[in-house]
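Worksheet: one structure, shown below.
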Amino acid sequence: MIPVPHDALAPQAPISSGLEQPRLLLVDDEPRLLSSLYELLQGRGYQLVTAASGTEALAQLSRLHFDLVLLDLGLPDISGHGVMDFINEKGIGADVIVVSGEVGIDAAIGALKRGAYDYLRKPYSREELLKTVGNALKARRLEEANQRMATQLENSEKMYRYLVDSSPDIIYTLNHEGRFTFVNDRAYQLLGYRREELIGQHYSVLVHEEDLERARYSFNERRVDERASRNVELRLKCHAGSNPERTFNNTLMTISLNAIGMHVPDQEVKKLEFFGTYGVARDITDRKRAEEVISYQAYHDILTDLPNRILFKDRLGLAVIQAKRKQTELAVMFIDLDRFKLVNDTLGHVKGDELLQQVAVRLKECLRKGDTLARQGGDEFTIVLPELRDRDDARSVADKFLECLQLPFDLDGHQVHISASIGIAIYPGHGESIDELLRHADIAMYQVKGQGKNGHAFYDESMQDVSHQKIALSQSLRRALENDELEMYYQPQIDAASGRIVGAEALMRWNHPTRGIVSPGEFLPFAEENGLMIPISDWMIGALCRDMLQWKAIAGNQVRLSLNLSPQYLDRGDFFEKMRGALLRHGIAPSQIEVEITENICIRNPQHAIEQLNKLGQLGVSVAIDDFGTGYSSLAYLHRFPVHTIKIDQSFVKEIHDEYGHYPVVLAIISIARGLGLNLIAEGVETEPQARYLRANGCMTMQGYLYHRPMPLPRFVDVLRGQGLPPGAANVLAFQA
Ligand code: C2E
Ligand code: CA
Ligand code: CA
């Protein structure tokens, strides 16, 4: 804010208050002359004051304001010249008419030199005196009017100057050559150039090179009407170093410029002559920046700062055009994080968002310049790799992605593992349009999901069928329940020491009328999504109890059944009651049952889960932690409810290649189980070395293809029958829902 100059805006003060009734000082030492003067001027609208000596005159002049002094030169104490000197010295604004009997020219010259308005010789005629006084006062009035006008002009000039200089906009004029003839103060404040630096300079010194062409029209504006330049956006260069008080954090300023031509009438040619341009430039840098932010937000994902799907499609469109022109291939990838929903459900959305941000950062690091990574929404990302040399390029980028996700993510102390499923579509082989490429990458991604996740696949036409099948699948799953197409398979669990079956895990299969046997990985996720998990689980419990009656007849109570419990099922409060009712109805001892839950079940709604599991425990059902080591939870919950068994996840077992090797994760899990006094089952045991390694390190119960694949009940009954009743040893059986 510029301080307003006081006199520029203050109301105009009257210069003289006395001219309405001018005040006159009459000075003469001769009383007769003084009184005749007084009488002569009296009654004519003057205020009259008399002084009979120089001293008295000085006293009156010091006290009052006079417009006119009628001064006798020949005073006894202080001469008339002395009085005039006093008037001049003190800057007293009164005019002086000398009235003198002195005949010498010197006296007259002395008086006029001292600024006397007129000189009257005594004796003077009445008319002469009155006329001189009248003239003096009139001249004075004119003078004061002029003065007042000058002051007014000066003030209004100050006013305009002030308005111009304190304008928020830069105001300037250019001459016909485009050189500055005027700039207001704002130019300095905004651009950092002093007035002296700019005056005489060509406007182009200020304009950003790229805008020069556009600037030329508006800075050379000759038009004055509505065709004149309006709101032309240009970038001006700021002078960074000139003003230490002001730091220009950007060296470019965007302005919106309005300019018109300036013309004077040319008398000879009788038309207006152009003599320059007047312009107003407004700083719109902030607005531009705001606009940029807004448009940035329209094309970017706020959470990850990545391009959003709109910008992605745009970039993909450009890449496709390029590829077509250069006859090269390009790859589109669809990346979907595996089990991300679980993180959101268990750790909350804030952590989920954090994970997405961290994932975005890691993915970005794998890209080359020119590749575009975008977030489609949720946990889905898309990538375009333009100018592919060959498909191996895309493959290796996908590998890099999967690899970069392998290290755990740290979410405020929570170590989270996440993997991704990646579908890849290549232009032009897998599609020529943006939508086709995206759709096919998406289908390929779903294929990866269905086949165990954490991998990548190129699109293939055969996948079309698969994805159509998927849709049909979820529809027909409802009918499967009605038509009794589901069936429980059993996979034996073997005691490594005796080689005997001590339990079996129940695994669900769907005997699809046209597709044959469908594995639970393919349809249970659909069941979860479509609200079918509850009726399916209800069915499962009934089926398991019926099946158990058959094997009990052969193996007695020696073989335990493990059933897999869906988190959704446990979330619903009535699971415990249903379980208890079914066991009672079928006369099955709860001690023969073990439920398998995953670690994540315990975090989603821990209090509720703990309650349900505790009640189960009281009933005599035991609890196993499935896929141990792959979840997000810590070990803390192991103390909080009755866990009896942990199952070493297949992925850890798969790592065991050499029975003499060292597999720290497996060893750690074994020692945790031992430390907490828990049973241990190794899952997915496929080879002898794996079995021997596990056994050598203290894991005695095995489940896996090395021993048996999951099998239908009749086969399982046969197998049980084949091994006969155990020689009295207390065996344990497991059962999964
Ligand atoms: P899970 O509980 O981890 O089950 C183990 C899976 O590993 C089973 O797959 C089993 O067939 C497979 N498997 C067993 N031994 C080996 C081996 O040596 N090598 C390999 N590669 N695999 C082996 P399945 O039957 O396809 O079941 C997949 C998942 O579906 C199960 O994982 C379980 O989480 C879920 N599930 C299966 N049946 C049910 C059920 O009745 N209810 C619920 N809620 N979930 C079920
Ligand atoms: Ca299981
Ligand atoms: Ca498992």
| message | Which residue is it: I672, L694, I670? I am looking for the one with a side chain to side chain contact (heavy atoms under 4.5 Å, CB included) to L680. | response | I670

| said: Can you confirm if the NZ or CZ of R309 lies within 45° of the ring axis of F312 and under 6.0 Å from the centre of its six-membered ring? | reply: no

| task | Side-chain contact test, heavy atoms from C-beta onward, threshold under 4.5 Å: evaluate it for L544 versus M548 and give yes or no. | result | no

| query | Between the side chains of Y446 and D336, does any donor sit under 3.5 Å from an acceptor? | reply | no

| query | Excluding sequence neighbours, so at least two apart, what forms side-chain contact (heavy atoms from CB on, under 4.5 Å) with H586? | reply | C545, R546, L549, I588

| query | Looking at R580 and E577, does any basic side-chain N land under 4.0 Å from a carboxylate oxygen? | reply | yes

| field | Side chain proximity check, L437 to F334, heavy atoms < 4.5 angstrom | value | no

| With sequence neighbours excluded, what pairs up with D460 under the salt bridge (charged side-chain N to carboxylate O under 4.0 Å, His left out) test? | none

| Is the backbone of A555 close enough, under 3.5 Å, to the side chain of Q558 for a donor and an acceptor to pair up by distance? | no

| Do the non-hydrogen side-chain atoms of R509 and P712 ever get within less than 4.5 Å of each other? | no

| note | Residues at least two apart in sequence or cross-chain that pass ring-ring contact (aromatic ring centres under 6.0 Å, His included) with H456, listed by chain then number, are none

| Any side-chain heavy-atom pair from I625 and I597 closer than 4.5 angstrom? | yes

| query | Roughly how far apart are F409 CZ and Q358 CD, rounded to 0.5 Å? | reply | 6.5 Å

| query | Parallel, tilted or perpendicular for W510 and F523, by the 30°/60° rule? | reply | perpendicular

| said: Tell me whether the count of non-hydrogen atoms from other residues, nucleotides or ligands lying under 6.0 Å of CZ in R715 goes above 12. | reply: no

| query | So do the side chains of D338 and S421 get within less than 4.5 Å of each other, counting heavy atoms only? | reply | yes

| Once you round to the nearest 0.5 Å, how far does CG of L477 lie from CD of E482? | 10.5 Å

| message | Do Q703 and T701 have side chains that approach each other closer than 4.5 Å (heavy atoms only, starting at C-beta)? | response | no

| query | Would you say the side chain of I494 lies within less than 4.5 Å of the side chain of L706, judging by non-hydrogen atoms? | reply | no

| query | How about V359 and L355: do any of their side-chain heavy atoms sit closer than 4.5 Å? | reply | yes

| query | Roughly how far, to the nearest 0.5 Å, is OH of Y663 from NE2 of H657? | reply | 6.0 Å

